[in-house]
Amino acid sequence: MNEAAMTHRQRILSHLPGRLSALVLAALLAGCAVGPAYQVPSAALPAGWKEQKTAEGWLPAAPADALDRGEWWKLFGDATLDELAARVQVSNQNIAAAVANYAQAQALVRGERAALFPTVSLDGSGRRSGNIGGTSNAANAFSATLGVDWAPDVWGRLRQAVSSAQANAQASEADLASARLSAVGDLATNYFSLREADAEIALLDQTIEGYQRAFEITSNRYRAGIAAQTDVLQAQTQLVNAQAERVGLQRTRATLEHAIAMLVGVAPADFSLPAAQWTPTVPGIPTGVPSTLLQRRPDIAAAERAVAAANAQIGIARSAYFPNFGLSASVGSSASRVKDLFNASNTLWALGLSVAQVVFDAGAIGATVDSAKAAHEASVARYRQTVLTAFQAVEDQLTAGAALAQQEGLRREASAAADKTEQQLLNRYRAAQVSYTEVVTAQAAALGARRTLVQLQVNRQTAAVALIQALGGGWHAGWAGETLSSAPSAAQAAPSPQSGVK
C-alpha cells in the first residue's frame, strides 16, 4: 500500500467515532496483500518438432487443457472400441476416484472462501434454580446472545489461501482429464493387442491345418518306403510346436480380455469379447502439427497449477510477519421470563478489536517463507521437466510411427518372399529333390514372417495411440490446420499362409 493512500485513509479515520475507527481500519486495510503476483512459468515450446526449425530458450506457457479433445478413439474406425470407450468413461474406477478427488478439491475451495466472511452465532440458554430445603421460591433465568466474529483479511492471507485452493482444484480437474485419457488409452492399446492375438490365432489355425496335412502326407510316404522316419518326426514336431504356440496365444488373449474388463469396471467373469475381424487402421497425422498442442496435456496443466498454488503459499507464509486482527460484536439479553428477553432495558451490546503480533520467533517465520520460496522454485522446475518429458514422448512416437510404417512395407516383401520359398521347397520335396529339413526351415521362416507382419501392424496402432496421448488427446481439437483423416494400414488383414503339402 503506497504512502498517499495511507494518508488519505488516515484522514477518513480522523472524522469517525472512536469505537468505529478500529472496524473501518480493518476494512480499509483489507486491500494490503503481501503475496507475490503470480506469473505463469516459462516453458520450452519450440515452434515445431525435430525435423522442423525450432525456437530457442524458454517461452511463456499458456496451458489449454480445457480445450475439447473430442472422441479421438473414433479415428480408428472400430465400433466395438467406440462402445468400450463409452463404458470406460462411466464405469472405470480410477476415473470415479478422480471425479471424487475433484469434488473434494472444489469443496476445499468453498471452505477457504467462507473464511473471508464473518461468522454469526446464536446462543440461548434457560435455567431454573433454588435452594434445597430452603423457603425461597425457585427462580428462572433465560438468556439469548447474537454474536459476530470476523478476522479481516488485512494482509491477503485468506485470499492467498483461496487462490491456492483454486489452483489445487484446477490441478485436480487436470488429473481427472489425465485419468480419462490414460484409461481410454490403455483400453485402446489392450483392445488392439487382443485383436492382434485373434489375428495370430487365426493365422496359426490355418498353419496348423497345413502342418496337419503335411504330417499325414509324410506319414503316408514313410509307410510307402519313400520318406525316412525323420521326415515324419520333423513334421510332427512342427505341428505340435504350432499347437503349443496357439495355446500360449489363447492365454495372452485371456489376459488382455481380463485387463479390458477391469478398465470398463466389471469382473472378468462377467465380461467377454468374442473374436472379430481386425482392420489395422492407423490414423493419418496431418502435416505441420504445432508443438503448442502440448499445452493441453493434463499433466502439464496440473504441473502449472501446482506452481500457482506454491506461489500462493509464499504470500501465506509472509503474512505471518504482520499482526492478526480480530473483530467481534455481540448483542445479548437476560431475564427471568422469556418475554422480557426482548425488552431494551435488558439488552447489552459489545464491540471488540483484538490484535496479535509475533514479537520474537528466532527466525521461524523467515524459515517458513524461505521454504515456501524453495518449494515454488521446485514446482517451476518440475513443470519445466514435465514439458520436456512431454516433448520427448511426442518425438519418440513420431519417430516410432515413421519407422514402423517403413518396416511394414519391408516386412510385407519379406513375408511374400518367404511364402514363395516355402511353396517352391514343398514342390521340390514332392519331387524328391530336397530333404524335408529344408521344407521345415522354410515353413518356420514363412510363419515367422507372417506373424512379424501382424505384430508390426498392431505396433503401428499402439504407437498412434501413444502419440495421441502424448499430444494430450489428439491433434484436431482447437487447431485450424489440416483436417485429420483416417488412413488404413497397408495391410487390412493378415496374410494367408500357404496350405502346406497337398
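Heavy-atom basis, side chains included; hydrogens, waters and symmetry copies ignored.
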Before giving the answer on side-chain contact (heavy atoms from CB on, under 4.5 Å), spell out for Asp149 and Val120 the whole-Å C-alpha distance, their side-chain angles and the decisive distance to 0.1 Å.
CA-CA 7 Å; Asp149 293 297; Val120 180; over 6 Å; no
With [X], which residues qualify under side chain to side chain donor-acceptor pair (under 3.5 Å), at least two apart?
X: Asp231; result: Tyr429
X: Tyr222; result: none
X: Asp299; result: Arg297

About how many Å separate [atom2] of [Y] and [atom1] of [X], when rounded to the nearest 0.5 Å?
X: Asn94; Y: Leu176; atom1: CG; atom2: CG; result: 11.5 Å
X: Leu398; Y: Leu471; atom1: CG; atom2: CG; result: 7.0 Å
X: Thr452; Y: Gln407; atom1: OG1; atom2: CD; result: 10.0 Å
X: Asp153; Y: Ser319; atom1: CG; atom2: OG; result: 8.5 Å
X: Gln206; Y: Leu447; atom1: CD; atom2: CG; result: 11.0 Å
X: Ser415; Y: Leu456; atom1: OG; atom2: CG; result: 11.5 Å

Would you tabulate the side-chain donor-acceptor contacts of residues 98-117 under 3.5 Å, counting partners in other chains and residues two or more places apart, or write 'none'?
| residue | atom | partner | partner atom | Å |
| --- | --- | --- | --- | --- |
| Asn101 | ND2 | Ala97 | O | 3.3 |
| Tyr102 | OH | Gln106 | NE2 | 3.1 |

Would you check if [X] and [Y] make a side-chain contact, meaning some heavy-atom pair closer than 4.5 Å?
X: Tyr436; Y: Thr441; value: no
X: Gln457; Y: Trp278; value: yes
X: Trp72; Y: Val465; value: yes
X: Gln243; Y: Val247; value: no
X: Arg195; Y: Val458; value: no
X: Thr207; Y: Arg450; value: yes
X: Pro152; Y: Trp150; value: yes
X: Tyr38; Y: Val307; value: yes

If I compare all heavy atoms of [X] with all of [Y], which pair ends up nearest, and what's the gap?
X: Asn311; Y: Pro36; value: ND2-O, 3.1 Å
X: Pro298; Y: Gly472; value: CD-CA, 4.4 Å
X: Leu194; Y: Leu256; value: N-CD1, 3.5 Å
X: Ala259; Y: Asn190; value: CB-ND2, 3.8 Å
X: Ala183; Y: Ile95; value: CB-CD1, 3.9 Å
X: Arg246; Y: Ile208; value: CD-CD1, 4.0 Å

Open item on the list: Set out, in order, the CA-CA distance, both residues' side-chain angles and the distance that settles side-chain contact (heavy atoms from CB on, under 4.5 Å) for Ile468 and Leu75, then state yes or no.
Closed with: CA-CA 10 Å; Ile468 289 173; Leu75 298 173; 4.3 Å; yes
- Task: Would you sort out whether Glu377 and Lys373 count as a salt bridge (charged side-chain N to carboxylate O under 4.0 Å, His left out), showing the intermediate values?
- Result: CA-CA 6 Å; Glu377 293 176 359; Lys373 289 180 179 179; over 6 Å; no
Go through the structure and list residues passing side-chain contact (heavy atoms from CB on, under 4.5 Å) with [X], not counting sequence neighbours.
X: Asn459; value: Leu404, Thr462
X: Gln313; value: Ser164, Ile316
X: Arg87; value: Leu84, Val264, Val266, Phe271
X: Thr421; value: Leu425, Ala442

Salt bridge (Lys or Arg N to Asp or Glu O under 4.0 Å) partners for [X], two or more places apart:
X: Arg451; value: Glu200, Glu245
X: Arg305; value: none
X: Arg253; value: Asp198, Glu257

Salt bridge or not between Lys74 and Asp82? Use side-chain N to carboxylate O under 4.0 Å.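 A salt bridge is absent here (no side-chain N lies under 4.0 Å from a carboxylate O).
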Quick one: do Glu408 and Arg412 make a salt bridge, cutoff under 4.0 Å?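 Judged by the 4.0 Å cut-off on N to carboxylate O distance, Glu408 and Arg412 do form a salt bridge.
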* Identify, with sequence neighbours excluded, every residue that meets ring-ring contact (aromatic ring centres under 6.0 Å, His included) alongside Phe192. =>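 Partners of Phe192 by the ring-ring contact (aromatic ring centres under 6.0 Å, His included) criterion, ordered by chain and then number, come out as Phe76.
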Just by modelled atom types, is the [Y] backbone N or O under 3.5 Å from a matching donor or acceptor in the [X] side chain?
X: Thr389; Y: Gln385; value: yes
X: Ser172; Y: Asn168; value: no
X: Ser178; Y: Ala174; value: no

* Distance-only donor-acceptor check, side chains Gln469 and Ser182, under 3.5 Å ->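 Their side chains do not contain a donor-acceptor pair, so the 3.5 Å distance test is not met.
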Q.
Ignoring hydrogens and geometry beyond distance, is a side-chain donor-acceptor pair present between Tyr191 and Asp78 at under 3.5 Å?
A.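 There is such a pair (donor and acceptor under 3.5 Å, judged by atom type) between the side chains of Tyr191 and Asp78.
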